[in-house]
Amino acid sequence: MRSQIQTLLGTALDRLVERGRLPETARQIPQVMRSQNPAHGDFSSNLALALAKAARTQPRALAQELLEALPEAPFLEKVEIAGPGFLNFFLTSDAHRVWIPQILAQGPNFGRSQIGAGKRVQVEFVSANPTGPLHVGHGRGAAYGAAVSNLLEAVGFQVHREYYVNDAGRQMDILTTSIWLRYLELCGETLRFPSNGYRGDYVWDIAANLHREHGDAYRQPAETLFAGVPEDAPTEEERDAQGNPLADAPQGDKEAHIDALIGRAKDLLGDHRYRLIFELGLNTILDDIRMDLAQFGVEYDQWFSERSLAERGLIYRAIERLREAGYAYDRAGALWFRASAFGDEKDRVLVRENGQTTYFASDIAYHMDKLERGFDRVIDIWGADHHGYVPRIKAALRALGDDPDRLSVSLVQFAILYRGGERVPMSTRAGEFVTLRQLRQEVGRDAARYFYVMRRAEQHLDFDLDLAKSQSNDNPVYYVQYAHARICSVLRQASDRGLSVEPSEGDQHLDLLREPQEVDLIKCLGRYPEVLEAAALQEEPHQLTHYLRDLANAFHSYYNAHPFLVDDEKLRDGRIKLILATRQVLRNALNLLGVSAPEQM
RNA sequence: GCCCUCGUAGCUCAGCAGGAUAGAGCGAUCGCCUCCUAAGCGAUAGGUCACAGGUUCGAAUCCUGUCGAGGGCGCCA
C-alpha cells in the first residue's frame with residue numbers, strides 16, 4: 001500500500017518536472033510513512049517540505065501543486081494538506097478490509113515476501129565453546145539469532161544457520177585435563193585441582209563415565225603428574241573478602257600451572273588415550289548443547305568444526321594468502337598480520353613463537369571459507385564482549401582481497417537476571433552461573449524466547465524472572481498468547497452452540513465491520529507485512545514483539561466492546577472472519593519468534 | 001589512556017536513514033464481569049528526551065564537547 005502511494009506521488013513529481021516546475025534533480029523516490037496520529041490519515045509524505053526550496057516556493061503551495069498533479073486512485077478516500085506542508089493520505093475503508101480475505105487465503109504465508117529472493121545469507125550464532133553447558137548469556141544469542149534467521153527467511157532469503165564449534169585450542173586441552181584430574185580423584189588419588197580448571201559438576205559426570213567404562217586403566221599417581229609442575233595461583237576460595245591470597249595459598253601463575261599440567265597429561269597418557277578423553281569430553285558436551293538448543297526451538301543447518309579448518313589446510317592457505325599479499329611478517333619468532341594497515345589498533349599474531357596458530361588465524365580461515373562458500377551476506381552474532389574483535393577480522397578480509405561489507409557483525413549485550421527485584425549473581429566462578437536449561441525450566445521456553453528478543457540486541461536486557469513466570473497481563477507473552485487462546489475459545493463456543501465457524505467466500509459481509517474497534521483491528525492486521533519486512537531487513541525482532549502487543553491490545557479491546565457470536569448471521573460471519581484473520585497473524589508472528597500459540601490457557 | 005555501546009515518565013523500554021502535540025507496559029488513582037476466559041477493557045495523572053554548543057525551514061533523532069553507566073583493549077579462546 002505504501003509503495004502504491006509512493007508510485008502516485010512519483011507520478012505527480014514527474015509531471016511537475018516535465019512542466020518545468022521543478023528541476024530534473026528533484027526526481028526521487030518520495031518518502032511515505034505511516035501516520036502516527038489518526039488525524040493525519042493512514043500515510044503521510046513530507047515531499048513538499050523537502051522540495052520547497054528547489055521549487056522556490058512555500059511548502060504548502062508546493063503541496064497544493066503536487067495534490068493537483070496526483071493521479072486518481074480508487075483506494076484513496078481523500079488527500080489533505082496539513083501542518084507545514086505534509087500530504088496526508090486517507091484510505092477508504094474498503095482498502096483496509098481487503099486484508100482480511102487475503103490473510104484467510106494465504107494463511108501461514110501471509111506477510112511473507114520475496115524481497116530477499118535469490119540471495120543466500122549465512123547466520124552464525126551462539127558458537128559457545130564446547131567446554132560446558134550453555135548459560136543465560138548464550139540464550140540471548142540463541143533466541144536472537146534464531147529469530148533473525150526466521151525473519152530473513154520469511155522475506156525470501158535463503159538462510160543457512162551455522163554453529164562454529166571451537167573444538168581446537170587450549171580451552172579444549174584445559175577441559176580434557178580437568179576431566180582426567182577428576183577421574184584420578186575418582187580412582188582415589190588426592191590432588192589439588194587447578195584454579196584455572198573447569199570446576200563444574202558436568203566435569204565430574206564425564207569423569208565418572210570414563211571411570212565406569214575403563215576402570216583404573218587411565219590412572220597415574222598424582223605425585224608423578226604434579227612433579228616439576230610450576231606452582232598454581234590461589235583459587236577464589238583461597239582468597240579473603242578483599243581478594244588477597246590467604247597465608248597458605250600458592251603464589252604462582254595459573255596459566256603456567258595449567259599449561260604444564262596439560263603437557264604432563266599428554267606425555268603420561270600418550271596421544272591415543274589423551275585423544276580418547278578429549279573426544280569423550282567434546283562429544284558429551286556438544287551433544288548436551290545440541291539437545292539444549294533443540295529444546296529451545298533452535299535448529300542449525302551446519303555445525304562447523306574449527307579442527308576441520310586445519311585438517312583441510314585452510315589455516316595454512318589463509319596465512320599464505322596474507323603473506324603473498326604482503327600483510328604478514330616475522331617478528332620475535334612469531335608471524336604477525338599487519339592489521340594496523342587496515343585501521344586496527346595494532347598488528348596481531350597469527351603463528352605463535354611455539355609454532356601454534358592462534359584462534360585469530362583460525363577465524364580468518366573460517367571467514368575466508370564462509371565467503372568462498374558463496375553467501376551474499378554473512379552475519380555473525382557475537383556477545384558484546386567481542387566487539388574489539390570486529391575491526392581485526394574485517395581487516396583480515398580486506399587484506400585477503402575480499403569485500404568486508406559482505407560480513408556484518410551483530411553484537412548482543414548481556415542479559416541480567418532479576419528475581420524478587422534483586423540481581424541474580426552470575427559470576428563466572430564455577431557452579432554459580434545460571435544455565436540456559438535452568439532458565440527454561442524456571443520460566444518456560446515461550447517466555448524465555450520472547451523476553452530475550454523484546455529489547456534491541458545492543459541494549460542491555462533486564463530479564464525479570466518473576467515477570468516472565470507471572471500469569472497476568474503484566475506479562476507480555478501471556479498477554480499475546482491469551483489473545484490467541486481467546487479467539488480459539490470463541491470458535492469452540494460457536495461450535496458448541498451449533499454455529500458455523502466456516503467463513504463465507506471472499507469479502508462478503510466485511511462491509512458490516514464498522515465499529516471503531518473493528519476498524520482499528522483491521523488496520524493493525526494490514527500493518528503486519530510492513531512490520532515483518534522492517535524487522536527482517538533491520539534484523540530487529542523486537543519490532544515484531546511490539547507489533548504483537550499492539551495487535552493483541554486491538555483484539556482485547558474489540559473483545560470487550562462487542563460480542564462476536566451475535567444472532568445476525570451476516571454480521572457474525574464478518575466478525576468471525578476478522579477474528580480468524582487476527583488469529584492467523586498472531587500465529588504467524590509468534591511462530592517466527594519461536595513462541596507457541598496455545599489454543600487454551 | 002584509547003575504542004565500543006548506552007543515558008527518553010517513579011521503574012522497564014519503544015521512537016533515532018531529521019518531520020506535525022515525544023509513545024507503550026508496569027507502578028499510582030478512578031471506573032467496568034446477570035454477557036464469547038477479568039490471564040481482559042476503559043479513563044486520569046506523570047517528561048527541561050543527561051548537559052552545553054552546532055548543522056536547518058524543522059533535532060529525542062545528525063555533528064562536536066562535557067558528565068554519568070556498562071563493556072573491550074593478550075603470542076586466551
Side-chain angles (χ1 to χ4, degrees), chain A residues 31 33 35-37 39-40 44-46 49-50 52-53 58-59 82-86 88 127-129 131 166 168-172 174 196 255 306 331-336 344-346 348-363 383-391 411 413-414 416 418 421 454-456 458-464 467 470-479 481-483 485-494 496-497 499 517 538 540 542-543 545-546 549-550 552-553 555-566 575 579 600-601:
Chain A
Q31 216 181 87
M33 55 221 159
S35 302
Q36 303 278 331
N37 185 335
H40 300 147
S44 60
S45 177
N46 61 353
L49 288 141
K53 202 171 244 180
Q58 295 300 313
F86 289 99
N88 291 336
S127 300
N129 280 343
T131 51
N166 298 126
R170 186 160 163 269
Q171 295 306 316
M172 284 306 299
I174 295 176
N196 217 14
E255 306 293 348
E306 181 187 353
R331 189 176 79 201
L335 183 71
W336 295 71
D344 195 8
E345 299 168 352
K346 52 185 188 177
R348 309 287 175 178
V349 172
L350 294 167
V351 183
R352 283 188 279 259
E353 205 176 347
N354 64 11
Q356 284 188 344
T357 53
T358 58
Y359 175 83
F360 179 48
S362 292
D363 228 10
D385 52 337
H386 283 70
H387 74 75
Y389 201 71
V390 179
L411 299 173
Q413 291 283 347
F414 300 114
I416 300 162
Y418 286 85
M454 228 169 25
R455 306 288 177 230
R456 264 171 51 213
E458 56 268 35
Q459 187 80 246
H460 293 267
L461 175 72
D462 285 337
F463 196 123
D464 186 335
L467 179 60
S470 80
Q471 304 203 348
S472 72
N473 56 338
D474 319 356
N475 188 336
V477 194
Y478 284 93
Y479 183 81
Q481 288 183 319
Y482 182 46
R486 254 188 166 173
I487 295 170
C488 294
S489 172
V490 170
L491 297 172
R492 277 193 300 270
Q493 293 268 337
D496 290 351
R497 293 193 213 165
L499 303 171
Q517 291 85 357
Q538 293 164 42
E540 293 187 342
H542 77 271
Q543 294 191 21
T545 65
H546 284 272
R549 215 268 152 205
D550 287 347
N553 179 239
F555 169 75
H556 287 309
S557 299
Y558 182 31
Y559 181 97
N560 266 270
H562 303 285
F564 309 142
L565 303 178
V566 291
R575 288 185 171 172
I579 63 170
Q600 235 175 325
M601 286 172 76

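In what follows, every heavy atom counts, from backbone to side chain, and hydrogens, waters and symmetry copies are set aside. Proteins come first, then strands; the chains are lettered A, B, ... in the order of their sequence lines, and each starts at number 1.
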Between [options], which nucleotide has the shortest distance from any of its atoms to the side chain of [X]?
| X | options | answer |
| --- | --- | --- |
| Phe86(A) | G25(B), G19(B), U37(B) | G19(B) |
| Asn46(A) | U37(B), C57(B), G19(B) | G19(B) |
| Ser489(A) | G72(B), C36(B), A20(B) | C36(B) |

Measure the distance from [atom1] on [X] to [atom2] on [N] and round it to the nearest whole Å.
| X | N | atom1 | atom2 | result |
| --- | --- | --- | --- | --- |
| His387(A) | C73(B) | NE2 | C1' | 8 Å |
| Tyr479(A) | A38(B) | OH | P | 13 Å |
| His562(A) | C32(B) | NE2 | C1' | 15 Å |
| Gln517(A) | C41(B) | CD | P | 12 Å |
| Asp496(A) | C35(B) | CG | C1' | 17 Å |
| Asn560(A) | A43(B) | CG | P | 12 Å |
| Arg486(A) | A39(B) | CZ | C1' | 8 Å |
| Met33(A) | A20(B) | CE | C1' | 9 Å |

Can you tell me the base-pairing partner of [N]? Count Watson-Crick or G-U wobble geometry only, both distances below 3.5 Å, and say none if there is no partner.
| N | answer |
| --- | --- |
| G74(B) | none |
| A69(B) | U5(B) |
| G58(B) | none |
| C36(B) | none |
| G42(B) | C30(B) |
| A24(B) | U12(B) |
| G53(B) | C63(B) |

**Given RNA chain B, 5'-ward residue of the pair Gln538(A) and Glu345(A), judged by closest heavy atom** =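 Nearest-nucleotide comparison on RNA chain B picks Gln538(A).
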
**Prompt:** Between Asp550(A) and Ala485(A), who's closer to the 5' end of RNA chain B by nearest nucleotide?
**Reply:**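 In this pair, the answer is Asp550(A).
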
**Prompt:** So, is Asn553(A) close to the C41(B) phosphate, meaning a side-chain N or O under 4.0 Å from OP1 or OP2?
**Reply:**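 It does, given that an N or O in the side chain of Asn553(A) lies less than 4.0 Å from OP1 or OP2 of C41(B).
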
**Asked** For A38(B), does either OP1 or OP2 sit under 4.0 Å from a side-chain N or O belonging to Tyr559(A)?
**Response**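 Tyr559(A) to A38(B) OP1/OP2: side-chain N or O found under 4.0 Å.
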
**Request:** State the syn/anti category of C51(B) according to its glycosidic angle, syn meaning within 90° of 0.
**Result:**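 Glycosidic conformation of C51(B): anti.
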
Report yes if the side chains of [X] and [Y] come closer than 4.5 Å at any heavy-atom pair, otherwise no.
| X | Y | value |
| --- | --- | --- |
| Phe86(A) | Asn46(A) | yes |
| Leu565(A) | Val490(A) | yes |
| Ile416(A) | Phe463(A) | no |
| Met172(A) | Asn166(A) | no |
| Ile579(A) | Tyr558(A) | yes |
| Leu49(A) | Pro84(A) | yes |
| Arg456(A) | His542(A) | yes |

What distance, rounded to whole Å, do you find between the two [atom1] atoms, one in [N] and one in [M]?
| N | M | atom1 | result |
| --- | --- | --- | --- |
| U12(B) | A69(B) | P | 16 Å |
| U61(B) | G19(B) | C1' | 11 Å |
| C49(B) | U8(B) | P | 11 Å |
| U66(B) | G27(B) | C1' | 34 Å |
| A14(B) | U5(B) | P | 16 Å |
| A22(B) | C26(B) | P | 22 Å |
| U48(B) | A9(B) | P | 9 Å |
| U21(B) | G15(B) | C1' | 15 Å |

**Item:** Atom of Asn88(A), atom of Ala82(A) and distance for their closest heavy-atom approach
**Value:**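 Shortest heavy-atom separation between Asn88(A) and Ala82(A) comes out as ND2-CB, 3.4 Å.
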
**Request:** State, to 0.1 Å, how close Asn129(A) and Gln171(A) come at their nearest heavy-atom pair, and which atoms those are.
**Result:**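 Looking at all heavy atoms of both residues, the shortest contact is ND2-CG, 4.0 Å.
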
All N/O pairs under 3.5 Å across the protein-nucleotides 75-77 of chain B interface:
unit_1: C75(B); atom_1: O2; unit_2: Glu353(A); atom_2: N; d: 2.8
unit_1: C75(B); atom_1: N4; unit_2: Ala332(A); atom_2: O; d: 3.2
unit_1: C76(B); atom_1: OP2; unit_2: Arg352(A); atom_2: NE; d: 3.4
unit_1: C76(B); atom_1: OP2; unit_2: Arg352(A); atom_2: NH1; d: 3.1
unit_1: C76(B); atom_1: O5'; unit_2: Arg352(A); atom_2: NH1; d: 3.2
unit_1: C76(B); atom_1: O2'; unit_2: Arg170(A); atom_2: NH1; d: 3.3
unit_1: A77(B); atom_1: OP1; unit_2: Arg352(A); atom_2: NH1; d: 3.1
unit_1: A77(B); atom_1: OP1; unit_2: Arg352(A); atom_2: NH2; d: 3.0
unit_1: A77(B); atom_1: OP2; unit_2: Arg352(A); atom_2: NH1; d: 3.4
unit_1: A77(B); atom_1: OP2; unit_2: Tyr359(A); atom_2: N; d: 3.3
unit_1: A77(B); atom_1: O2'; unit_2: Asn129(A); atom_2: OD1; d: 3.1
unit_1: A77(B); atom_1: O2'; unit_2: Asn129(A); atom_2: ND2; d: 3.0

**Asked** Under 3.5 Å, is there an N or O donor on one side and an acceptor on the other linking the side chain of Ser44(A) and the base of A20(B)?
**Response**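 By the distance-only test, yes, there is a pair.
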
Using a 4.0 Å heavy-atom cut-off across all strands, classify [X] as base, sugar-phosphate, or nothing.
| X | value |
| --- | --- |
| Pro563(A) | base |
| Ala561(A) | nothing |
| His40(A) | base |

**Asked** Which residues pass the ring pair (Phe, Tyr, Trp, His ring centres under 6.0 Å) test with His556(A), sequence neighbours left out?
**Response**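 Checked His556(A) against ring pair (Phe, Tyr, Trp, His ring centres under 6.0 Å); matches are Tyr479(A), Tyr482(A).
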
**Prompt:** Hey, what's the ring geometry for Tyr389(A) with Tyr359(A), parallel, tilted or perpendicular (30° and 60° as the breaks)?
**Reply:**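 Answer is tilted, since the angle falls between 30° and 60°.
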
**Request:** Mind running salt bridge (charged side-chain N to carboxylate O under 4.0 Å, His left out) on Arg331(A) and Glu353(A) for me, showing each step along the way?
**Result:** CA-CA 9 Å; Arg331(A) 189 176 79 201; Glu353(A) 205 176 347; over 6 Å; no

**Asked** Along nucleotides 5-14 of chain B, 5' to 3', which nucleotides get a B, which get an S, and which get a -, given that the test is a protein heavy-atom distance under 4.0 Å?
**Response** SS-----SSS

**Prompt:** Is any side-chain N of the basic residue among Arg492(A) and Asp496(A) closer than 4.0 Å to the acidic one's carboxylate O?
**Reply:**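 No, no charged N to carboxylate O under 4.0 Å.
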
